[in-house]
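Here the structure comes first, spelled out in structure tokens, and everything after it is commentary.
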Number of protein chains: 2
Amino acid sequence: MNRRRTGGARVKATIYSIARELDISASTVSRAFSRPDMVNAKVRERILATAQAQGYELNRAARGLATGRTGLIGLVVLDITNPFFPPLVRAVERAASESDTSVMLLDAESGGQKAADQLKRLSAQVDGLIVASPRLATKDLQAAVGSTPTVLVNRSVRGIPSVTCDNSAALREAGDHLVELGHRRILLLRGPAGSWAASQRTNAVRSWAQHTSADVELVELGPVEATYEAGWHAAEAIAASGATAIMAFDDYLACGVVGGLDEQGLSVPDDRSIIGCDDVLLARTLTPQLSTVTAPFEELGARAVTMLSEVSAGGAPGNQKLSGVYAPRGTTGKV
Amino acid sequence: MNRRRTGGARVKATIYSIARELDISASTVSRAFSRPDMVNAKVRERILATAQAQGYELNRAARGLATGRTGLIGLVVLDITNPFFPPLVRAVERAASESDTSVMLLDAESGGQKAADQLKRLSAQVDGLIVASPRLATKDLQAAVGSTPTVLVNRSVRGIPSVTCDNSAALREAGDHLVELGHRRILLLRGPAGSWAASQRTNAVRSWAQHTSADVELVELGPVEATYEAGWHAAEAIAASGATAIMAFDDYLACGVVGGLDEQGLSVPDDRSIIGCDDVLLARTLTPQLSTVTAPFEELGARAVTMLSEVSAGGAPGNQKLSGVYAPRGTTGKV
DNA sequence: ATGACAAGTGCAATCGGTTGCATCGCATTG
DNA sequence: CAATGCGATGCAACCGATTGCACTTGTCAT
């Protein structure tokens, strides 16, 4: 591998070894790879052929040193084991590979100072950052990313481009659906304090409850962490609340609630209805399938990558808003 | 950021800018970072202080060019959306960060030629590769990784160090548990063709069935893909098989079976018992919780990283075997 | 024929570290 | 006191690409 095949000597293939073999300058070889249109088609072809023969692989470090860019983007997720993130990671990775860019993954796993440090360290190594659902305080976040081109996913912060998902219309629709099914007392299980998405969703549901023509009574519980366990533990209070339907911050939490309600002897959707958010894997593996608001993961990831390259190019894309779609499934039923 | 604070000129901080300010040579500055023990403690401290003051960040590309190493390892997973992988990714990432190494993630997502190409491309950019559960044919795999230091997770291939999880004892235990509960006709739902883990588990279960003193009758179904849908669709055949208990290739599949059985009007564990494997998130979010064989994700990831650094250092660690543990939970009941 | 212009190529400097080797000062030893 | 050794440092040559600039050719209009 990576060695010359012709001639006895086994040397690492570089643009120089190629140049020597073809008796041209290394600049031309370099350009054949980095700006193909600048070199004569015939020459380019001979270069490519020789490169192939020598097993040449471009040395990213050398390029990086010369250009100041690494060809890497950092993807920071709050918690890779949260089912929200894997589809996003996949989407980002695919989109990035389109532009010959690789993804460095950072599992931030905590919102504290450590997360900020990790972020800062990472940011020195990459061309840009995609930060998904960070819990960092606004100013810490701004400080941590510094001047590194950054795109936020699922959070909006002044001065940093972002791509978010606006679920308010879908949540209204979900609420209306519950009303239609006869629910009047509805419990909002609020997501984590410090989560931008959680406050967005809370506001959306509150606003819906306030403006709907039906006389719904909105009960709130939380904030709670977005985990199965938290949902499970919330079930007792939920059962006691008298609400017949629950709108949970996300699917993960919602699944926990379903499990916890079961423990309380309550079944879904017969005794209680519940609606999640995001449409993660869990939503479909739940029996019955979870009624939820689907998030466009693929699109979120792809846009983030596109926007990031715009930022890197000096642009300042605004904040893109996508929309969730309400998907009624098996966990919503009549009162 | 990254600029000198002292003196009007704003230049990028490098070992040279630090050296100049302290009137020492750049070599010493370099050594202060890469081999601290080689430089006088006092000098080192002044260097660190100046670096701090100038906002110096080591340029990885430059180091990489000089040393030939990138400080990156590539982590290749079969399918990041499969709940098996996120915990592993996290474990690898944490272990890697211990040694100041970053992780490049590649979601292989297919077993074909494309996967091989991706692998090859990635391998040129990293110091080493951790490849989890690849489906590539043995020789394609060997060819793709070439001479890049590689550690396999959850698969064993001649000539490549690996860390795997031996579940045979745990599966025997699981089988015995089923027998104890009165099950005699047990269905083995086989995992994907081409999956090393699947064949291991199949063999383990077969061997158990053959050697157990009880007169169990083992029915086999599959191979099927390791997805929820596949499990769901298998449920009909499972229901018809007359088996009262199912041992599924993994949890993901098992959850699908539970969902599908529900559709068939069969409930778990009352009508059928089922045991999964791996103990992924889904196992605990299922109601009732899935009886399964837990995999030591943390350990798998950590070992893989350790072994990889051994390989990089020229060693040839063998194949490490960890063990799963049978965890009876809610999906196994009396006949 | 002449100048203008464009395309294609080469030269050489540059990016920012690392490291083998030489050197120097100083302490230890005979 | 000279010789030896060692720890600490500097010198300078790399690592392998990119790129501004200069140069050569060929084409085309004048």
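Just so you know, these numbers use all the heavy atoms, side chains as well, and skip hydrogens, waters and symmetry mates. We name chains A, B, ... by the order of the sequence lines, and we start the count at 1 in each one.
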- Is A/L300 close to A/N154 at the side-chain level, that is, under 4.5 Å between some pair of heavy atoms? no
Rounded to whole angstroms, how far apart are [atom1] on [X] and [atom2] on [N]?
X      : N      : atom1 : atom2 : answer
A/I15  : D/dG16 : CD1   : P     : 10 Å
B/D37  : D/dG7  : CG    : P     : 11 Å
B/R63  : D/dG16 : CZ    : C1'   : 18 Å
A/E57  : D/dG16 : CD    : P     : 14 Å
B/R46  : D/dA8  : CZ    : P     : 15 Å
A/K12  : D/dC15 : NZ    : C1'   : 8 Å
B/I18  : D/dG10 : CD1   : P     : 14 Å
B/Q125 : D/dA17 : CD    : C1'   : 15 Å

- Query: Below 4.0 angstrom, N of the basic side chain to O of the carboxylate: do B/D107 and A/R90 qualify?
  - Reply: yes
- Message: If the threshold is 4.0 Å, N to carboxylate O, is there a salt bridge linking A/D79 and A/R135?
- Response: no
Please work out if [X] contacts a base, only the sugar-phosphate, or nothing of the nucleic acid, heavy-atom cut-off 4.0 Å.
X     : answer
B/F33 : nothing
A/S30 : base
A/V43 : sugar-phosphate
B/S27 : base

- Task: Take A/T67 and B/T28, find for each the nucleotide of DNA chain D with the closest heavy atom, and name the residue whose nucleotide sits nearer the 5' end.
- Result: B/T28
- Query: How do A/R69 and A/N59 order along DNA chain D: which one's closest nucleotide is nearer the 5' end?
  - Reply: A/N59
Is a side-chain donor or acceptor of [X] paired with a backbone partner of [Y] at a separation under 3.5 angstrom?
X      : Y     : value
A/T70  : A/L72 : yes
A/D127 : A/G71 : yes
A/T14  : A/Y16 : yes

- Task: Go through DNA chain C in 5' to 3' direction and return only the first and the last nucleotide with some atom under 4.0 Å of chain A's heavy atoms.
- Result: C/dG8 to C/dG16
Looking at [X], does any N or O in its side chain come under 4.0 Å of the phosphate oxygens OP1/OP2 on [N]?
X     : N      : answer
A/R35 : D/dT19 : yes
B/S25 : D/dG10 : yes
A/Y56 : D/dA17 : yes

- Note on the structure: d(A/S30 OG, A/L58 CG) to nearest 0.5 Å is 8.0 Å
- Flag yes if more than 12 heavy atoms outside B/R121 fall under 6.0 Å of its CZ atom; otherwise flag no. no
- Message: Could you check whether the side chain of B/R31 and the base of D/dG10 have a donor-acceptor pair of N or O atoms closer than 3.5 Å, going by distance alone?
- Response: yes
